[in-house]
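Worksheet for the structure shown next.
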Amino acid sequence: MTIHPEIAKILSTLPAPDGSPLNPGAMRAGEAAQIPALADRMPLHSVEDATAVTPSGEVPVRIYTPAGADAHGLLVYLHGGAFFLGSLDTHDHVARALAKETGHKVISVGYRLAPEAAFPAGLDDCYGVVRWAAEQGTSLGWDGKNLAIAGDSSGGNFAAAVAAKAHDDGFDRITHQVLFYPSLDLDFDVDRYASLRENAEGFGLETAGLKPFNSFYLENGADPADPLVSPIKRDDLAGLPAALILTAEHDPLRDEGELYGQRLAEAGVVATVSRYAGANHGFVQNFSWIPEFYRAFEEAGDFLNAGAGQ
């Protein structure tokens, strides 16, 4: 299938990459300028900012409660942005849609970013908030059932790494992981996956841009050979939480996400891989206003509410 026509219209307006060095400050400011006004965001029962006290320090979080029920499942959400972009505000609409469609209380994590924070600061923040959520379950209104993690792109990388860290630490409360077009292999060898060649240019995220975009992370202590940096390099995937992996047809990262799902299933983990035809990398953040892509949130809700956890 060709790229969705609405996505194609927007891609056609974007300037071609010129090879200029990336400027994190300017790019973050550009993102911030696109954040919709509060009045234009999806309404929920409540949205509140809080602070999670973790072993890595105090981490800002935003808590989304979808309805006035006494208790909910918990979903810790980790935003994307190549480890140096993204914030609670840039991905506020994603967290709201996840809360609405899953019926879970969503805890969005404002983890520390590269290059200012060296590896593993951001990952430690994410893991610490998951542990904090379990410890604070009563005050958060947790029903004691699902404790899920979700992330898009680099946030999906963090979610997979958090699941692995939790397993290795004997923390068995995580029930599900939802990975939206995850970045799972930071090696970037173009011969490793066909999608790196098939979707190399013209679909927003380009294969040639992967190294520079991830350089802020990789040049600050993150070793792509480390399974906590490239979760697909983990040898033993047995015992990890049930997984839903959503990939995009026109995404250089498509094949690593789908291979990870295959390896999880081979290791005995309940794993579902769902490829979105006509979509590109970032479609959950950028194009969920298109009905067939908003379906990703509904699919996450179906997964979390179907008793798929181990």
Side-chain angles (χ1 to χ4, degrees), residues 21-35 49-63 76-92 94-95 106-133 135 149-166 168-169 171 174 177 179-180 182-188 205 209-234 253 282 285:
L22 302 179
N23 183 325
M27 295 175 74
R28 291 169 186 165
E31 282 192 328
Q34 300 300 315
I35 296 169
D49 289 330
T51 300
V53 180
T54 79
S56 66
E58 295 187 346
V59 182
V61 296
R62 185 167 294 166
I63 302 172
V76 178
Y77 168 62
L78 314 174
H79 68 77
F83 307 101
F84 78 100
L85 293 171
S87 68
L88 295 177
D89 288 326
T90 62
H91 288 66
D92 179 82
V94 176
V106 171
I107 302 167
S108 185
V109 183
Y111 58 82
R112 286 172 288 175
L113 300 174
E116 294 85 353
F119 175 84
L123 176 59
D124 286 347
D125 288 350
C126 294
Y127 182 44
V129 171
V130 173
R131 299 290 297 256
W132 171 84
E135 294 164 1
I149 52 178
D152 58 299
S153 193
S154 57
N157 174 296
F158 275 164
V162 164
K165 280 177 65 69
D168 293 347
D169 286 350
F171 178 72
I174 299 174
Q177 51 182 322
L179 312 180
F180 299 104
S183 172
L184 298 170
D185 189 346
L186 272 64
D187 192 319
F188 305 133
L205 177 65
L210 293 173
K211 285 185 179 180
F213 266 83
N214 288 277
S215 65
F216 301 108
Y217 190 52
L218 297 178
E219 293 174 3
N220 282 276
D223 179 357
D226 182 347
L228 290 178
V229 175
S230 296
I232 202 167
K233 295 183 183 295
R234 183 178 173 90
L253 305 186
Q285 181 192 6

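As the structure is a computational prediction, the values presented were derived from the model and not from experiment.
The CG atom of Asn214 lies 10.5 Å from the CD atom of Glu219; values are rounded to the nearest 0.5 Å. Atoms OG and CG, from Ser154 and Leu184 in turn, are 11.0 Å apart once rounded to the nearest 0.5 Å. Here the CG-OG distance, from Leu123 to Ser56, works out to 9.5 Å after rounding to the nearest 0.5 Å. Note that CZ of Phe216 and CE of Met27 are 7.5 Å apart. Values are rounded to the nearest 0.5 Å. To the nearest 0.5 Å, atom CG of residue Leu205 and atom CG of residue Leu210 are 5.0 Å apart. In this structure, Asp169 CG and Arg131 CZ are separated by 6.0 Å, a value rounded to the nearest 0.5 Å.
Partner Val129 forms a side chain to side chain contact (heavy atoms under 4.5 Å, CB included) with one of Asp124, Leu78, Ile107 and no other, that one being Ile107. Here the rule is side chain to side chain contact (heavy atoms under 4.5 Å, CB included) with Val109, and of Val162, Val76, Ile149 only Val76 fits it.
Side-chain atoms of Asp185 never come within 3.5 Å of backbone atoms of Ile232 as a donor-acceptor pair (strictly under, hydrogens ignored). Judged purely by atom type and a 3.5 angstrom limit, Ser108 has no side-chain atom pairing as donor or acceptor with the backbone of Arg62. A distance-only check finds a donor-acceptor pair linking the side chain of Glu31 to the backbone of Gly86 [under 3.5 Å]. Of the possible donor and acceptor atoms, one in the side chain of Tyr111 sits under 3.5 Å from a partner among the backbone N and O of His79.
A pairwise comparison of heavy atoms in Phe119 and Ala222 identifies CB-N, 3.6 Å as the closest pair. Taking all atoms of both residues into account, the shortest heavy-atom contact from Pro224 to Asp187 is CB-N, 4.2 Å. Counting all heavy atoms, side chain and backbone alike, Gly151 lies closest to Ala159 at N-CB, 4.2 Å. In this structure, Glu58 and Thr51 approach most closely via the heavy-atom pair CB-CG2, 3.5 Å. Closest heavy-atom contact between Pro212 and Ser215: O-OG, 2.7 Å. Summarising the geometry of Pro231 relative to Ala161, their closest heavy-atom pair is CG-N, 4.1 Å, with the distance given to 0.1 Å.
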Exercise for the section: Determine, step by step, whether Leu218 and Phe188 satisfy the side-chain contact (heavy atoms from CB on, under 4.5 Å) criterion, reporting the C-alpha distance in whole Å, the side-chain angles of both residues, the deciding distance to 0.1 Å, and the verdict. Expected result: CA-CA 12 Å; Leu218 297 178; Phe188 305 133; 4.1 Å; yes

Problem - Residue pair Leu85, Leu113: steps toward the side-chain contact (heavy atoms from CB on, under 4.5 Å) verdict - result: CA-CA 7 Å; Leu85 293 171; Leu113 300 174; over 6 Å; no

Handout entry: side-chain contact (heavy atoms from CB on, under 4.5 Å) evaluation trace for Thr54 with Tyr127
Key = CA-CA 9 Å; Thr54 79; Tyr127 182 44; over 6 Å; no

Exercise for the section: Start with the C-alpha distance between Val94 and Phe180, add both sets of side-chain angles, then the distance that settles side-chain contact (heavy atoms from CB on, under 4.5 Å), and finish with yes or no. Expected result: CA-CA 11 Å; Val94 176; Phe180 299 104; 5.6 Å; no

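In this model, no donor atom of one side chain and acceptor atom of the other lie less than 3.5 Å apart for Ser183 and Asn157.
For Phe83, the ring-ring contact (aromatic ring centres under 6.0 Å, His included) partners are Phe158, Tyr217, not counting sequence neighbours.
Between Val130 and Lys165 there is no side-chain heavy-atom pair separated by less than 4.5 Å.
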